[in-house]
Visitor: 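Sending over a structure as structure tokens; questions will come in a sec.
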Amino acid sequence: MRYSQLFAPTLREISAEVEMPSHRLLLRAGFIRQLSAGVYSFLPLGYKVLTRVANVVRDEMNRAGAQELLLPALHPQELWAESGREATMHDVLIGLKVRGGQFYLGPTHEEVITDLVRKNVRSYRELPLNLYQIQMKYRDEPRPRGGLVRAREFMMKDAYSFDRDEAGLDATYRQMYAAYVTIFQRCGLDVTPVEASGGAIGGKETKEFMLLSDAGEDSILLCPECGYAANREIADFRLVVAEPAEPPRKHVAVNTPDAHTVQQVCDFLHVAPERLVKTLICMADGQPVAALVRGDRELNEGRFRVLLGAARLELATPEQIQAATGGPIGFSGPVGLTIPMYADEELRGMVNFVAGANAADTHLVDVNWADVTAPLTWARLRFAEAGDVCPNCATPFTERRGIELGHIFKLRYAISEPLRATFTDEDGSEKLIIMGCYGIGVSRIISAVAEACHDENGLIWPMALAPYQVALLAMNMQDETQRTLAEGLYAALQAAGVDVLFDDRGERAGVKFKDADLIGIPLQLVVGKNAADGLVELRERRVKNPQLIAHDTVVATVRERIAAAE
RNA sequence: CGGGGCGUAGCGCAGCUUGGUAGCGCGUCUGGUUUGGGACCAGAAGGUCGGAGGUUCGAAUCCUCUCGCCCCGACCA
């Protein structure tokens with residue numbers, strides 16, 4: 001490709017509003033442009049990288065025995081109602097009216113693929129089946145961010161497996177796990193598999209593939225000793241129970257005007273947050289329940305929701321709190337409460353703690369569990385955090401942020417049951433197909449690689465994903481010797497099957513260097529003053545190690561370097 | 001959805017506090033000189049100041065509403 005023909009509008013400056021390095025660089029280097037929040041165009045360079053990522057994924061999926069197909073983006077509303085996910089995924093569904101009824105833009109394709117399979121698969125002889133698609137998905141994200149990291153329209157690879165039985169699913173799952181490890185490795189990413197939550201769809205035994213990064217949206221707890229790694233949403237830990245340090249006293253009410261946050265109460269009473277029991281009033285499918293955690297801890301709402309078996313769980317509004325506790329928000333406490341109460345097991349050992357009095361501007365001090373008369377259920381309610389210890393080896397966790405790039409999990413019958421996707425087994429009985437689902441954020445990988453591979457001058461693509469393998473820079477196109485040599489090398493490299501971007505513009509050398517660095521092509525071939533001696537300069541974007549080589553060895557040397565890099 | 005920030009020329013920004021001729025840098029166009037790390041000189045074009053309403057003799061600037069975008073949180077197969 002000749003740079004003079006290429007549509008790659010690079011930007012010298014970019015708005016200070018754009019913060020994430022990958023986002024800034026992808027915009028500056030002319031890979032993507034935003035149309036709307038979370039909606040991006042892929043320009044030629046960005047599209048080439050997207051295609052390269054997709055091809056790596058495709059390659060490994062095919063190798064693992066999955067078959068590629070393409071599914072509709074328009075999904076009839078009835079199908080989503082049938083699976084029951086119209087309700088659970090309501091918030092992200094983008095609906096639209098079409099002649100013939102209500103449709104949704106596909107946010108994921110379990111329903112569509114399962115419908116396809118239930119209509120076309122009858123016998124155990126046709127199983128197992130692993131089908132995948134690489135295409136745009138659409139979600140009404142509450143908050144798009146970070147460019148391609150979280151978009152409303154994004155490219156995703158999703159594979160769906162259909163097996164006869166648990167053993168078959170196990171085998172497929174393991175196969176996908178191995179394929180994922182290879183895919184991320186080929187993309188040059190150091191990805192950490194972590195224990196994860198199945199989310200709204202449920203499903204046990206699930207792994208997320210995380211790129212550890214400060215820009216990540218998920219919190220990961222890592223055991224430096226045994227390698228246990230888990231998303232904070234589900235991370236397990238070994239509970240260290242404190243022994244009561246003092247005899248219980250009788251509780252008393254104290255006036256705490258305007259102290260409705262933990263911090264305010266602590267400041268006012270001069271106690272540490274871990275001496276407080278925080279009482280959170282939640283609405284579980286419309287019914288009020290109380291969750292008690294230590295003042296300095298965070299309630300894991302997802303875990304709590306699963307514990308309650310509720311479909312929906314949210315924090316109660318001030319009005320709902322008033323109705324459920326008789327007091328205003330910020331002053332709730334377990335003493336005298338009549339709604340169902342769940343207390344974090346860590347609280348068992350606490351004595352003489354502080355809690356709300358369910359009355360305005362009032363807290364109770366020296367509260368003890370004996371003071372709580374209504375039934376109380378002990379459970380694990382809080383998030384694990386750095387400092388908690390590994391469930392396997394009791395080593396303290398470290399906590400990191402991560403960008404989720406892939407997610408594999410066993411759906412089992414979560415979709416096939418409501419959709420009645422069955423087959424006839426060897427013994428003539430009708431059975432539900434057991435399913436798995438394996439996603440990779442293809443467009444997100446672009447951001448992840450950009451985030452992991454860049455320097456102050458721009459992007460640095462790994463050879464396998466680079467938009468071009470070599471940037472051929474002619475320092476001075478006016479110089480006949482340079483121009484002729486560069487044109488010759490361009491033709492020779494193309495003939496040798498090298499993907500080369502030839503900067504044939506009339507720009508000054510500095511501009512060409514800046515653009516080449518910004519775009520991040522791994523190899524740079526510089527035709528300049530040494531052209532008269534038949535010499536050109538070869539260097540790597542990553543390390544900037546100029547090396548003079550004879551013009552007639554260029555093709556061979558470049559091919560060697562490419563092979564070495566892949 | 002809660003909190004914070006920002007919308008002024010193609011891009012990046014200043015001007016707004018204290019109302020009075022809309023500015024700077026980059027880019028673009030023309031001519032010339034340059035040519036190994038985003039050149040220089042001369043000239044030129046280019047703006048409904050996000051939108052609507054209001055206050056005022058007069059609004060980019062003050063007030064109200066609204067739309068869009070960014071960041072933090074909530075949410076997230």
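First the proteins, then the strands, lettered A, B, ... as listed; each starts at 1.
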Visitor: What does A:L518 touch in the nucleic acid at a heavy-atom separation under 4.0 angstrom: a base, only the sugar-phosphate, or nothing?
Guide: base
Visitor: Relative to each other, are the rings of A:Y180 and A:F184 parallel, tilted or perpendicular (30° and 60° limits)?
Guide: perpendicular
Visitor: Under 30°, 30 to 60°, or over 60°: which ring-plane class applies to A:Y342 and A:F304, parallel, tilted or perpendicular?
Guide: perpendicular
Visitor: Would you say the side chains of A:Q320 and A:T317 form a donor-acceptor pair under 3.5 Å?
Guide: yes
Visitor: Is A:E507 salt-bridged to A:K512, cutoff N-O under 4.0 Å?
Guide: no
Visitor: Ring centres of A:F103 and A:W80 under 6.0 Å apart?
Guide: no
Visitor: Give the residues of residues 30-44 of chain A touching RNA chain B, defined as any heavy atom closer than 4.0 Å, sorted by residue number.
Guide: A:Q34, A:S36, A:A37
Visitor: What's the CG-P distance between A:N476 and B:A39, to the nearest Å?
Guide: 14 Å
Visitor: Could you encode protein contacts along nucleotides 4-12 of chain B as a string, one character per nucleotide from 5' to 3', using B for base contact, S for sugar-phosphate-only contact and - for no contact, with a heavy-atom cut-off of under 4.0 Å?
Guide: -BB----SS
Visitor: Any residue in residues 527-535 of chain A with a heavy atom nearer than 4.0 angstrom to RNA chain B? Just list them by number, or reply none.
Guide: A:G528, A:K529
Visitor: For the side chain of A:R401, counting heavy atoms from C-beta on, which of B:C76, B:G37, B:G73 is nearest?
Guide: B:G73
Visitor: Name the nucleic acid region contacted by A:E19, choosing base, sugar-phosphate or nothing; use a 4.0 angstrom heavy-atom cut-off, strictly under.
Guide: sugar-phosphate
Visitor: B:A39, B:G36, B:C75: which one has an atom nearest the side-chain heavy atoms of A:V511?
Guide: B:A39
Visitor: Over how many whole Å does the gap from A:N300 atom CG to B:C76 atom C1' extend?
Guide: 14 Å
Visitor: Work out how far the P atom of B:C70 is from that of B:G53, and round it to whole angstrom.
Guide: 28 Å
Visitor: Is the base of B:G38 touched by the side chain of A:D515 through a donor-acceptor pair closer than 3.5 angstrom?
Guide: yes
Visitor: Can you establish whether the number of heavy atoms outside A:R542 located under 6.0 Å from its atom CZ is more than 12?
Guide: no
Visitor: Is it the case that the side chains of A:Y160 and A:D158 hold a donor-acceptor pair, with the cut-off being a distance below 3.5 Å and no angle test?
Guide: yes
Visitor: Give me the distance, rounded to whole Å, that separates B:C62 from B:U8 when you measure between the P atoms they each carry.
Guide: 16 Å
Visitor: Does the side chain of A:Q133 come under 3.5 Å of the side chain of A:E68 through a donor N or O and an acceptor N or O?
Guide: no
Visitor: Any strand is fair game: report the nucleotide pairing with B:G23 by Watson-Crick or G-U wobble, both distances under 3.5 Å, or none.
Guide: B:C13
Visitor: Side-chain N or O of A:R12 less than 4.0 angstrom from OP1 or OP2 on B:G27?
Guide: yes
Visitor: If we take the C1' atom in both B:G2 and B:G58, what is their distance in whole Å?
Guide: 40 Å
Visitor: Indicate, with a heavy-atom threshold strictly under 4.0 Å, whether A:V526 touches base, sugar-phosphate, or nothing.
Guide: base
Visitor: Any side-chain N or O of A:R143 less than 4.0 Å from the OP1 or OP2 oxygen of B:C76?
Guide: no
Visitor: Parallel, tilted or perpendicular for A:H260 and A:F331, by the 30°/60° rule?
Guide: perpendicular
Visitor: Paired with B:G43: which nucleotide, if any, by Watson-Crick or G-U wobble criteria at under 3.5 Å for both distances?
Guide: B:C29
Visitor: Are A:E417 and A:R412 close enough for a salt bridge, meaning some N to O gap below 4.0 Å?
Guide: no
Visitor: Rounded to whole Å, how long is the line connecting atom CZ of A:R505 with atom C1' of B:U35?
Guide: 14 Å
Visitor: Is there a donor-acceptor pair closer than 3.5 Å between any side-chain N or O of A:S41 and the backbone N or O of A:L43?
Guide: no
Visitor: In whole angstrom, give me the gap between the P atoms of B:C13 and B:C57.
Guide: 37 Å
Visitor: Between A:E141 and A:R152, does any NZ, NE, NH1 or NH2 come within less than 4.0 Å of an OD or OE carboxylate oxygen?
Guide: no
